[in-house]
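Here it is, the structure in full.
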Amino acid sequence: MRNQQSTQLLFELSRPGRRAHRLGRLDVPTIEALDDFGDELLAADPPPLPELAEGDVVRHFVGLSTLNMSVDTHFYPLGSCTMKYNPKRNERIASLPGFADVHPMQDPSHLQGLLELLYDLQGMFAEISGLPGVSLQPAAGAHGELTALLVAAAYFRSIGSDRKVVLTADSAHGTNPASAQMAGFETKTVKSNSDGLVDLDDLAAKLDENTAVFMLTNPNTLGLFDRQIEQMNQMVHDAGALIYLDGANMNAILGITRPGDFGADLMHYNPHKTFSGPHGGGGPGAGPICVRDFLAKFLPAPIVTRHQTETDDGQTKWVYGLSEPTADSIGRVRSFFGNTGVLVRAYIYLRTYGGDGLRRVSEDAVLSANYLLSKVKHFLDVPHGDRCMHEFVASASRLKKDKKMSAMDLAKRILDYGFHAPTVYFPLVVEEAVMVEPTETESKQTLDAFAEALFRITDEAGDFVHDAPHTTRISRPDDVGAARRPILRWTDSSSNDAAS
Amino acid sequence: MRNQQSTQLLFELSRPGRRAHRLGRLDVPTIEALDDFGDELLAADPPPLPELAEGDVVRHFVGLSTLNMSVDTHFYPLGSCTMKYNPKRNERIASLPGFADVHPMQDPSHLQGLLELLYDLQGMFAEISGLPGVSLQPAAGAHGELTALLVAAAYFRSIGSDRKVVLTADSAHGTNPASAQMAGFETKTVKSNSDGLVDLDDLAAKLDENTAVFMLTNPNTLGLFDRQIEQMNQMVHDAGALIYLDGANMNAILGITRPGDFGADLMHYNPHKTFSGPHGGGGPGAGPICVRDFLAKFLPAPIVTRHQTETDDGQTKWVYGLSEPTADSIGRVRSFFGNTGVLVRAYIYLRTYGGDGLRRVSEDAVLSANYLLSKVKHFLDVPHGDRCMHEFVASASRLKKDKKMSAMDLAKRILDYGFHAPTVYFPLVVEEAVMVEPTETESKQTLDAFAEALFRITDEAGDFVHDAPHTTRISRPDDVGAARRPILRWTDSSSNDAAS
Amino acid sequence: MAYLFHTDDDRREMLQSIGAASIDEIIDAQVPQSVQFQRQLDLPPAMNEMELTAELTRLAARNANANTHVCFLGGGAYDHFIPAAVDEIASRGEYYTSYTPYQAEVSQGNLQVMFEYETLVTQLTGLGVSNASLYDGGSAATEAVLMALATQRGRMRVVTSDVVHPQYREILASYLRNIDAELVVIASDENGRSGGLIDALDDKTACVLIQHPNFVGGLEDVAAISAAAKAVGALTIQSFDPLSLGRLRRPGDMGVDIAIAEGQCLGNPLAFGGPYLGIMACRDELVRRLPGRIAGQTTDRRGKRCWVLTLQTREQHIRRDKATSNICSNQTLLALRATVYLSLLGPHGLRETTDHCIAKTAYAKQTIIAIERLEVVSDGPSLKEFVVRDRAGDVADLLEHARNHGVLAGIDLNPLLGRYTEGSFTGLPERYRDCFLVAVTEKRSRAEIEQWARTLSQAPQTAAC
Amino acid sequence: MAYLFHTDDDRREMLQSIGAASIDEIIDAQVPQSVQFQRQLDLPPAMNEMELTAELTRLAARNANANTHVCFLGGGAYDHFIPAAVDEIASRGEYYTSYTPYQAEVSQGNLQVMFEYETLVTQLTGLGVSNASLYDGGSAATEAVLMALATQRGRMRVVTSDVVHPQYREILASYLRNIDAELVVIASDENGRSGGLIDALDDKTACVLIQHPNFVGGLEDVAAISAAAKAVGALTIQSFDPLSLGRLRRPGDMGVDIAIAEGQCLGNPLAFGGPYLGIMACRDELVRRLPGRIAGQTTDRRGKRCWVLTLQTREQHIRRDKATSNICSNQTLLALRATVYLSLLGPHGLRETTDHCIAKTAYAKQTIIAIERLEVVSDGPSLKEFVVRDRAGDVADLLEHARNHGVLAGIDLNPLLGRYTEGSFTGLPERYRDCFLVAVTEKRSRAEIEQWARTLSQAPQTAAC
Ligand SMILES: Cc1ncc(COP(=O)(O)O)c(C=O)c1O
Ligand SMILES: Cc1ncc(COP(=O)(O)O)c(C=O)c1O
């Protein structure tokens, strides 16, 4: 029943002269403005965009959407990504004109509602992290990492130090070393021990007077809370370095423990994960950062501020504003204020749960992960014990040896059962890693069905699974070919091999 | 890749204690209001509705939606239903609070924008039909038929006539005789001739002093404009009866010919068809009616009115209001004003095209139907010639004889090709009828692909087609069983045979 | 042009395939010149999306509404809260741009929703079977009466009361005018209750139509009325408020045979009166006379559970003039919204909603006790509606004052007094002169209720008390 | 509670399966007591959807916006019209609740859209390859510079001009501070053009970064600058306005190597600065240094055409500290919106849009010619932005007056004068003292432009001319 035309490209649907959006007649007197431009500025023809009717466009994109799995349609236990339910009220409220149609250069005097919201959000982020300095500017987690590292660099510069090394864990996300490099640091990797935690000996060996920042993910990407946290805290700070917390896994610890309390000096949140901002098919996210007091002056501007004034009738009220960069500020990391739309959604989410509720989010996320772990461990190895925080990492390496069934095969086959796949081959410290994060917004029925499906797959014939998925429109695309002979845009000729 | 849980019923997903919407704490002082009610009024428990989380609900209904074909996803040439593109601007604009959040009992003084719109819409409907009296009240086409027949009855009563018979065509939609019966009339059927038009001899035979109304569909349900219109007009009016036009096929004749000009005394529109109001999975529609001047006083109230006043600064302006029922009015046919939301969409549609554009709508609709007819006639019989208006009716009866391939089989098999089926077995005057209405909002590419698919099916093996569809989740449900042992609601036991 | 697809090249190629020189040639061959329209339709000129959006935004801005004003209007349509998930689901193209599930295989989404909707309605009402929707509450009331007349052949009397929604009675009068039936409207008692209609029942009575809570907010003794109706062999039809059922007994549990309701309150926008949702449920035995579509469960050729439209021999497309009703297009999208809404509420959310209506209504009554000009007419408890008398006899001015201060304070009952339609009494009794009807939903905050009371108390008085 | 699923029964059963007595037991086993948080988070109390909607509607109502006010603000973010189809498509859950297409088989929708987006960007820019999006225009400019530095090893100078967007330069300065590179900001000429930077080019120059049309609305001689850059072996980076390309020549056709843009104007809401869309395209040869995700075409195991993420060895999850950028989550949903928007416009809609901007901007300039207090600073033609000087030297008051009369009349340039970031000039030249920047999009009606002029002309003057 699939509409066959829906996988044609826009360019293939195009027909010269077909139109959708039009403006037509101008309502201002025509001034011969174009004449002033001079030929060297002007193109003879507009760009060769496709020509379509509105009905073409709508059917095309609606049709394409149905080729995606998504949280709204499927269980999506993609480890490290916290694919929780995206509340519909967030979408409705964030699209009110008073939020969605505000120009970034408007004057604060006429933005008091939005600025109050953002000010309060800064406060909530500080409270949840235990770190008082907040910048809402970064556009995603990785951008938050970079921003925080620029802050750390500015700090060390301010105290006359030229520490140049950032330590990252071998289980860390790729953005950690990449951000460090972009911020001008050298990176060194700290190993994990057999428990999946930071190898303290290795950490000790690599910490020295050149170490600027130790980037820690806690709970780490294995879903384990590093119980050596106090020792690490001591070691790193004794070495004069700072601790950065990659907050991608905050969904495990809301109200249970705070980064600022366990030693982090800087951190980022991923509101698109923890605070239910939708993932948008790859983004947008946001990457607000929190830092200790002494680092706050290095944050990028603007920050939302407030002061009290007296109204005409003698009452006091708060007036909200935007700060100018301080002399110490690192400057900007992006244009305008930040990913406001994502932040408004985070605010709505936080107001929906309140402080008590937020802890229950983490409790249920941890409960669901442990429950799934308790089922999965009966048929898949879980190398790091049978307790976890909000996610766990199983390994398909025995399955691979016994039945030639890899983590990739498992991932592809589970799609046939109507579930999105877990993250596979990450973190790198586990062979044939299968990283499962159920989140707190899935039912026990769903978790049971997923475990059951995984179990059944481990019982299926290796060859059959190796050819999976069997129920999707396409199966096992040729990645190697794609990279070797890249076709990165449509041209008349690229469409000739359109065998769909 | 289908989510298996999505076809479970809400009731099967339910889990005691699970919650979505909550209100929680009251913000008014608790008055022991419940105590006053008395036990005989109160139920011990609330109704046994299912208990679900918000995430359950969203995934359930999003998942179910993907089991539907729709205009947004598929070519939908369902004859007689005018499944044209539903403009997205209609949806956006109609949901502005100034339209969507207006209470029906509000005072006209604070509704001048909406009333202006509705007044202008009355005028546009009058202009398009050539009939000046307009009521926007009826909720759908059938409701419009009924309302107009009540108007006709009131008219005849007012002139002391007790004509009791309504004539309907044998090719007419089922709502025509059903409406006549509901309005208290007897019905008689007028035959079609071999050209698919009204058999004038039969009409003459059935017209008499007892005939109140002749209900005509023109273009008729075969997609043919009845070129005998002037004779019929003469005959019916000479007999002292009125002509009712079933306006379901107005998409063929906008700006080309007007019902009021070719003899109709009363008619309804189906704005959900002709004027792009979406069909909503079965509704809502609207059924505004237009009548000749002398019938206007019988229309239901309220009608939107206007009068001129002078403003403080000496300018004149229009003030809009709602009429009280006249003494002659038939009263109401529904509560409140009408299906305003649908009417607002029709207004937007009409403003989008303007008078010139509307004629082009019909021209393209007629062109597309004739084009498809020119292709289809090569492999399917089209009993009524090779010209049509906005739709045509082919017959699968030869195919049925030759290959045991019925209209139903064709319809089921075309689903596999990614197209919605045409209307089948209607109108009743064509054996194995296949009624195709492409509308003006489909591309030539789509029409070609559809014709090609139909052609291929006629070449396929009969048995294979008889088992179609093959690519849908379910195929050929047991209609007979459903009617014989009706299961009309879920109960614990009805779900036991849930073999999905 | 707007949504058209064909380019001039397309048109040329298509005409060629057809074998016609022009589109006019095709039309001329069918539509006699004599009836062809000779000028261009006189409509406002075409407008692009940008201009039209601006223009309609301007028109929309001129309408007071439940967003710009605090809304205390009811009378059959209510400003209840609509969760965002309802809008999001109902705005999916697969729902709103599809049509009646004529091809079950590609309509299982709509069909399953219809089946779920029907089940929810039976759970709400305590009756055995529901249809898939009718146009609205008002026409559903009439359809119920027609259904009762059809099942009770030989009985012609329809008994109702003067505190049943005036518009519902107007519709009934319009429809019944042309068929053999007698509409009897009995007077309610001074407390706005309809117990008196028991005395009007006889063996010619086909049915009684009552509303509970009724138009003026009164609570009827439904069980007693239905028992009396049953005793004379008549059917009982109740118009109910779906959101009252978090607390009130269900129609089916009180002996009602056919229950109808306006389903707007279940997640549907006010939209100046429509599209709304006609809910109808009945006892199992009456199903063959039920109007409208019904979805039922069955199995497909491989034995899979699935859903189809069923019992279609009741319907116009099969039975034509013998059908139970003429309805074809119905209100499916609104029924979808109601289904989503009820799924979100569940039993506990429904109970909370009813309770909040009750509590806030009680509070609203209390806030005006001290206002000398006003008097709460309704005695006894209220679900969410009650009547207030303006002792100054100046309801229109009072409400106008409120409107100008951001409050839609109530519905003026004066215009509804003493009306007749086609010979039947379709008005309200004289008792409600100088009164207005107030509705307080769960959505009204304490501050809004107090604003309402304050605004009413501050209205200038033109006439004397 | 809110979105949680587990009932107490669920929790009990799950704990049993786990073999733990309580959730605390599970947590205590992992998180040392000493770092556990001992109190409840001090956040505002939980609110239900109804209350929250009311509360946030209140906050939203306190913000002037392009709906309540007529908006003439630009400076990199513009109030262009967004067709309804864009919103409808982007609000489908399958798009906005999915994530990066790690599993290509269940992400073909997103992947095909990415491929289409990339193709549209190459069609717009005349360059060979586009990535799938970056955060925004500002950070994209810096990424382009980093990319140029990486491909031009040994060259450390980055040359730009003082009429490139001040914020873009601020970002550049922040990023470059910690790496070996020198940022040279040359002064524009009195007409606000950057031809002078040609003289600053040398064989240490890695790239030039220009903006055309530039921040003050000036039109640069891109071809001359890129030719000069090429002559010394430097790359040319142009920040362009996508909606200028209905008329202006494409970057790729003027010798530009890397083109970046803020894609907000392509169907994305203003949203107080984000989320926005960083567009980046480059010549084919530079693709291996391109930051961000790229979708490419391939075939599946049955030979069907399909799409995958490709050239991933550029990226952080493969290359870690050797990656071309650290970007992971990007702006896919905004790229989707841009794709839909451009599909709706097509070449002719794009040309119309540019032409309407040009014509309305010219008209706006004309409407203030007669206002003595004001002077149009920008000479020559304007695309959609120009600078106005307030001869009264009171820009802040003038704009405040307009704001209070429903018009967002322009951006005050005074605060942007003479700023430095990390030692680099990131401000505007002194020439723009007492000036404001005005943007006129196709969405501004004649009446609105006249309202703008009228409002400016009626502002009370505090200081003397
Ligand atoms: C552990 C970890 N760190 C950092 C990131 C980067 O966050 P973002 O994608 O928001 O840039 C991710 C996201 O995938 C992550 O999982
Ligand atoms: C010819 C014809 N007449 C009348 C109707 C009834 O219209 P509605 O479904 O709006 O009641 C239809 C609709 O299907 C129709 O096709």
Side-chain angles (χ1 to χ4, degrees), chain B residues 20-21 23 27-28 31 33 36 46 51 61 64-65 67-72 96-98 100-104 110 113 139-140 142 174 177-179 181 184 187 225 262 278-285 331-332 335-337 339-341 354-355 371 374 443 472 474 476 482 487 489-490 500, chain C residues 5 14 18 30 35 41 43 46 59-60 62-67 73 89 93-94 97-100 105-106 108-110 119 135 138 167 170 174 178 269 271-275 297-298 300-301 305-306 310 316-317 320-321 323 326 329-330 332-333 344 346-347 349 351-352 362-363 381 421 446:
Chain B
H21 185 67
L23 292 174
D27 67 346
V28 298
I31 300 154
D36 298 347
E51 302 179 50
F61 289 104
L64 281 184
S65 76
L67 299 172
N68 291 340
M69 278 189 179
S70 65
V71 173
D72 270 6
L96 290 172
D101 295 342
V102 172
H103 190 281
H110 286 62
S179 299
Q181 181 271 334
T187 61
F225 193 91
F262 65 63
H279 283 76
R332 295 190 150 268
S335 32
F336 308 123
F337 181 81
N339 279 356
T340 314
Y371 176 66
S374 77
S443 67
T472 48
I474 63 128
R476 305 265 179 163
I487 305 177
R489 68 171 190 277
W490 173 86
S500 76
Chain C
F5 272 66
M14 292 165 80
I18 296 166
Q30 301 179 76
V35 301
L41 288 170
L43 303 185
L59 284 177
R62 296 178 56 208
N63 308 318
N65 59 71
N67 252 39
L73 308 188
I89 290 165
E94 292 94 329
T97 76
S98 58
Y99 198 27
T100 310
E105 288 91 340
V106 293
Q108 284 296 299
N110 283 330
T119 301
Y135 301 137
Q167 296 191 345
E170 287 180 43
S174 306
N178 295 303
F272 194 55
Q297 180 177 321
T298 187
D300 83 342
R301 69 177 163 83
R305 178 175 73 171
C306 60
T310 193
Q316 47 73 26
H317 62 288
R320 302 179 74 88
D321 58 340
N326 68 337
S329 291
N330 59 14
T332 301
L333 193 68
L344 290 169
R351 175 148 282 189
E352 274 184 342
Y363 182 64
T421 306
R446 178 176 184 162

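As the structure is a prediction and not an experimental result, all values here were calculated from the model. Just so we're on the same page: letters track the sequence lines, and every chain starts at 1.
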Considering all heavy atoms of both residues, which atom of C:Y363 and which atom of B:V28 are nearest to each other, and what is their separation?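 So the minimum-distance heavy-atom pair works out to CD2-CG1, 3.6 Å.
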With a 4.5 Å cut-off on heavy-atom pairs, point out which of B:A100, B:S335, B:G331, B:P97 contacts chain C the most.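 That would be B:S335.
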Where do B:R476 and C:E105 come nearest, in terms of heavy atoms and distance?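 Smallest heavy-atom distance, with atoms named: N-OE2, 2.7 Å.
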Over all atoms of both residues, closest heavy-atom pair of B:R332 and C:S174: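 Looking at all heavy atoms of both residues, the closest pair is O-OG, 2.8 Å.
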CG/B:L64 to CD/C:Q108 distance, rounded to the nearest 0.5 angstrom? 9.5 Å
Would you name the heavy atoms of B:W490 and C:T119 that are closest together and state the gap between them?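 Closest pair (atom of B:W490, atom of C:T119, distance): N-OG1, 2.9 Å.
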Test your reading of the model: is there a side-chain donor-acceptor pair from B:E51 to the backbone of C:P347, 3.5 Å cut-off? no
Just so I understand: if I count every heavy-atom pair under 4.5 Å between each of C:R62, C:H317, C:Q167 and chain B, which residue has the most? C:Q167
Mind ranking C:G346, C:P381, C:G349, C:A66 by heavy-atom pairs under 4.5 Å with chain B and telling me who comes out on top? C:P381
Between B:T340 and C:F272, what is the shortest heavy-atom contact and its length?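 In this case the closest contact between B:T340 and C:F272 is OG1-O, 2.8 Å.
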Pairs of heavy atoms under 4.5 Å with chain B: top-ranked of C:T97, C:L344, C:T421, C:N330: C:T97
Heavy-atom contact with chain B under 4.5 Å, split by part of C:I89: side chain
Between B:I474 and chain C, with a heavy-atom cut-off of 4.5 Å, which part of the residue counts as in contact: side chain, backbone, both or neither?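 Both backbone and side chain.
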Under a 4.5 Å cut-off applied to non-hydrogen side-chain atoms, are B:H279 and C:S329 in contact?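 They are not in side-chain contact.
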C:T310 versus chain B, the contacting section by heavy-atom distance below 4.5 Å: side chain
What option among B:G354, B:S443, B:G281 has the most heavy-atom pairs under 4.5 Å with chain C?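 Ranked by heavy-atom pairs under 4.5 Å with chain C, first place is B:G281.
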Over all atoms of both residues, closest heavy-atom pair of B:G113 and C:N63: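 Closest approach of B:G113 to C:N63, heavy atoms only: N-OD1, 3.1 Å.
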For the interface with chain C, which of B:D101, B:N68, B:N339 has the highest count of heavy-atom pairs at distances below 4.5 Å? B:N68
Please report the interatomic distance CD(B:Q181) to CG(C:D321), rounded to the nearest 0.5 Å. 7.0 Å
Can you tell me which of B:G184, B:G285, B:A482, B:G341 forms the most heavy-atom pairs within a distance under 4.5 Å of chain C?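 Looking at each of B:G184, B:G285, B:A482, B:G341 in turn, B:A482 comes out on top.
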Select, from C:G138, C:A323, C:C306, C:S98, the one with the greatest count of heavy-atom pairs under 4.5 Å involving chain B.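 Result: the option with the highest number of such pairs is C:S98.
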With chain C, which of B:L96, B:T187, B:D27 has the greatest number of heavy-atom pairs at distances under 4.5 Å?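 If we count pairs closer than 4.5 Å to chain C, B:D27 comes out on top.
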